[in-house]
Each structure stands twice: as C-alpha cells, then as structure tokens.
Amino acid sequence: MNTPSVQPGGRPGSSPRKILQQMATTDEQFFPCPRPSTITVPERPCTLDERTRALVRLGALVALGAGPSAYRRTVEVALAAGATQEDVIDALICTAPTVGVARLVAATAPVSLALGYDIDADLEGVPSSVS
Amino acid sequence: VDQQHADLLRRLAINDADTLESVLRTSLLEDPDSGLLTTTRALVRLAALIAVHPSPASLHWAVSVALAVGATDVDIVDALVTVAPIVGLARINWAAPELATALDCNVGETGAE
C-alpha cells in the first residue's frame with residue numbers, strides 16, 4: 001500500500017496503512033476501551049470488577065471468532081486484573097456449549113498464545129498421526 | 001415429522017436445558033473442574049450468547065440462570081455494556097430489549113421505562 005488512493009475521512013494524519021495496522025492490532029487509540037467514541041453511554045460505575053469484565057469480553061470474542069490481537073489484549077487485561085491462567089481457560093471452556101466446538105477450537109490457539117503457550121510451535125515437534 | 005421428532009424440535013426451540021444437554025452430551029451449567037465463580041461463568045456465557053445473536057428463548061434462559069446463581073440485574077446490564085464495543089450496536093440494540101424482557105423490565109419503544 002505505497003500510494004493510498006483513498007483517504008479515510010475523520011482521521012486526519014492517519015494513513016490507510018496506519019489505520020489498518022491499528023485495527024489489526026486492536027490499538028487502544030483506534031478502539032477506545034471499553035466504549036467506542038461513537039457510542040454515547042452515560043458514565044456510570046460498573047458493578048463488575050475488571051477481571052470479570054475481561055472474562056466477559058473474552059466470551060464475546062470467542063463467540064465472534066476474534067483475531068489474535070483481540071485475544072491477546074483481553075487476556076493481558078484479565079491477567080493484570082488478577083485472573084489466573086486457569087481462570088482464562090475456564091472462561092474459554094464454559095463458552096463451549098454456547099459457541100460450539102468449531103469456535104472453541106479456533107479460539108484455543110490464540111488464547112493459549114496470549115497466555116504464553118505457543119501451541120503451533122509445540123505441535124511442530126510432535127509427529128503427526130496422519131501420514 | 002413424526003411426533004417424537006416434532007417434540008424434540010419443539011424442546012430445542014424453547015431452549016429446554018435437559019434436551020439440549022442430552023443432544024450436546026454435556027452439561028450446560030455444571031463444570032466441577034472450573035475454578036470460576038458460577039456467577040462469572042454465567043456472565044461469560046451470556047456474553048458469548050449475545051455475540052451469536054441467539055433466539056430470545058436462549059437469551060431469557062441465560063438471564064434466568066445468571067439470576068439464579070446470584071448475578072444481579074445490574075450485573076447483567078453491565079455485561080451487556082461490557083461487550084458493546086465488541087459485538088456492535090446492531091447486537092446491542094437487539095439484545096437490550098430482550099434482556100429487559102427477561103429481567104421483567106419494560107423499556108418501551110422509546111427506551112424509557
């Protein structure tokens with residue numbers, strides 16, 4: 001994308017490359033968290049603690065088949081808020097009846113990576129059962 | 001469709017938990033190995049459910065389960081608000097009145113109770 005043909009409106013100074021990069025990496029400046037700037041929600045205290053909110057967000061991400069960066073950021077927030085690795089895995093598992101096996105399996109590798117466990121790299125050293 | 005299968009379809013459509021557990025061969029609620037609070041698990045499931053645009057029956061069931069295990073009305077609304085940036089306005093606009101109904105709270109067409 002050396003010569004952008006379209007300049008997105010409302011984001012002066014941001015190149016298409018930069019915008020796509022921010023979107024792909026769930027950049028906080030592009031996606032103000034927890035609420036996007038386009039949604040006006042009256043400020044009110046949230047009764048859920050940050051750890052629970054992060055796990056709730058994880059449930060929604062699994063259901064939608066989110067990208068790795070979204071999982072990474074959410075898991076980071078959950079862990080920083082006091083969730084354990086087991087909590088994150090338990091939250092992933094408890095979505096299974098709701099989202100189905102396909103979504104669960106698809107989410108497992110990126111969530112694992114967010115927890116510091118690279119399943120793909122690990123599996124590379126395991127002989128395949130299929131020749 | 002014979003009577004047996006008609007009954008099965010009807011039970012699935014109303015989110016009959018026993019039937020779903022039988023079909024899925026898993027418990028919808030119980031997980032003795034989980035260290036999460038049952039309220040947290042209920043809210044995580046609710047979030048996942050909102051994201052997949054469920055039938056009202058499923059959403060109402062999830063809300064009733066969350067309330068039964070100790071979540072409050074406010075917890076449920078906060079779960080909806082928490083996932084709003086992720087699932088988007090379309091999902092939220094659909095889910096909000098359904099949640100209100102499940103919470104026995106009439107928000108009306110204008111959004112004002």
Side-chain angles (χ1 to χ4, degrees), chain A residues 26 28 30-67 70-71 73-74 77-78 82-104 107, chain B residues 15 17 20-55 58-59 61-62 65-66 69 71-93 95-96:
Chain A
T26 323
E28 287 190 27
F30 191 88
F31 296 108
C33 188
R35 292 159 187 155
S37 58
T38 52
I39 303 176
T40 302
V41 179
E43 287 299 328
R44 48 184 283 277
C46 184
T47 62
L48 303 179
D49 57 55
E50 186 57 39
R51 169 181 163 279
T52 301
R53 285 165 53 202
L55 296 176
V56 164
R57 280 197 294 272
L58 179 63
L61 292 175
V62 173
L64 292 176
Y71 286 122
R73 181 160 170 247
T74 300
V77 171
T84 64
Q85 292 189 335
E86 288 75 17
D87 290 339
V88 172
I89 295 169
D90 286 342
L92 173 66
I93 290 173
C94 87
T95 65
T98 302
V99 304
V101 170
R103 283 280 192 242
L104 176 69
Chain B
N15 203 101
L20 287 169
E21 288 182 339
S22 173
V23 169
L24 296 173
R25 299 180 187 277
T26 185
S27 171
L28 297 178
L29 304 175
E30 301 300 325
D31 183 0
D33 295 328
S34 177
L36 291 178
L37 294 172
T38 52
T39 50
T40 301
R41 285 167 47 211
L43 295 175
V44 172
R45 278 196 302 267
L46 179 64
L49 201 55
I50 291 169
V52 298
H53 198 151
S55 72
S58 295
L59 198 59
W61 173 80
V65 167
V69 298
T72 66
D73 293 7
V74 177
D75 291 339
I76 289 167
V77 173
D78 281 342
L80 178 68
V81 173
T82 297
V83 300
I86 295 170
V87 303
L89 276 177
R91 285 280 191 274
I92 295 302
N93 286 345

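The analysis underlying the following values was restricted to heavy atoms, covering all of them including side chains, and did not include hydrogens, waters or symmetry mates. So you know, we letter chains A, B, ... as the sequences are listed, proteins then strands, and number each from 1. Just so you know, these numbers come straight off a predicted model, no measurement behind them.
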| message | Counting only non-hydrogen atoms closer than 4.5 Å, does A:I89 touch chain B with its backbone (N, CA, C, O), its side chain (CB onward), both, or neither? | response | neither
| Considering only heavy atoms, which portion of A:V99 lies under 4.5 Å from any heavy atom of chain B: side chain, backbone, both, or neither? | side chain
Closest approach of [X] and [Y], non-hydrogen atoms and distance?
X     : Y     : result
B:V52 : A:A63 : CG1-CB, 3.6 Å
B:A79 : A:V56 : O-CG1, 4.0 Å
B:V44 : A:G59 : CG1-CA, 3.9 Å

| query | A:R51: what forms a salt bridge (charged side-chain N to carboxylate O under 4.0 Å, His left out) with it, not counting sequence neighbours? | reply | A:D87
| task | Not counting sequence neighbours, which residues clear salt bridge (charged side-chain N to carboxylate O under 4.0 Å, His left out) with B:E21? List them please. | result | none
Out of curiosity, [X] [atom1] to [Y] [atom2], how far, rounded to the nearest 0.5 Å?
X     : Y     : atom1 : atom2 : value
B:T40 : A:D49 : OG1   : CG    : 7.0 Å
B:L24 : A:T98 : CG    : OG1   : 9.5 Å
B:T72 : A:L48 : OG1   : CG    : 7.5 Å
A:T52 : B:L37 : OG1   : CG    : 7.5 Å

| said: Heavy-atom cut-off 4.5 Å, strictly under: side chain, backbone, both or neither for B:S27 against chain A? | reply: backbone
| Where on B:D31 is there a heavy atom nearer than 4.5 Å to chain A: the side chain, the backbone, both, or neither? | side chain
| query | Top residue by heavy-atom pair count (under 4.5 Å) with chain A, among B:V83, B:L20, B:L36? | reply | B:L36
| message | Treating A:D90 as the side-chain partner and B:G35 as the backbone partner, does any N or O pair qualify as donor plus acceptor under 3.5 Å? | response | yes
| Pick from A:A66, A:A70, A:C94, A:A54 with the largest number of heavy-atom pairs that fall under 4.5 Å of chain B | A:C94
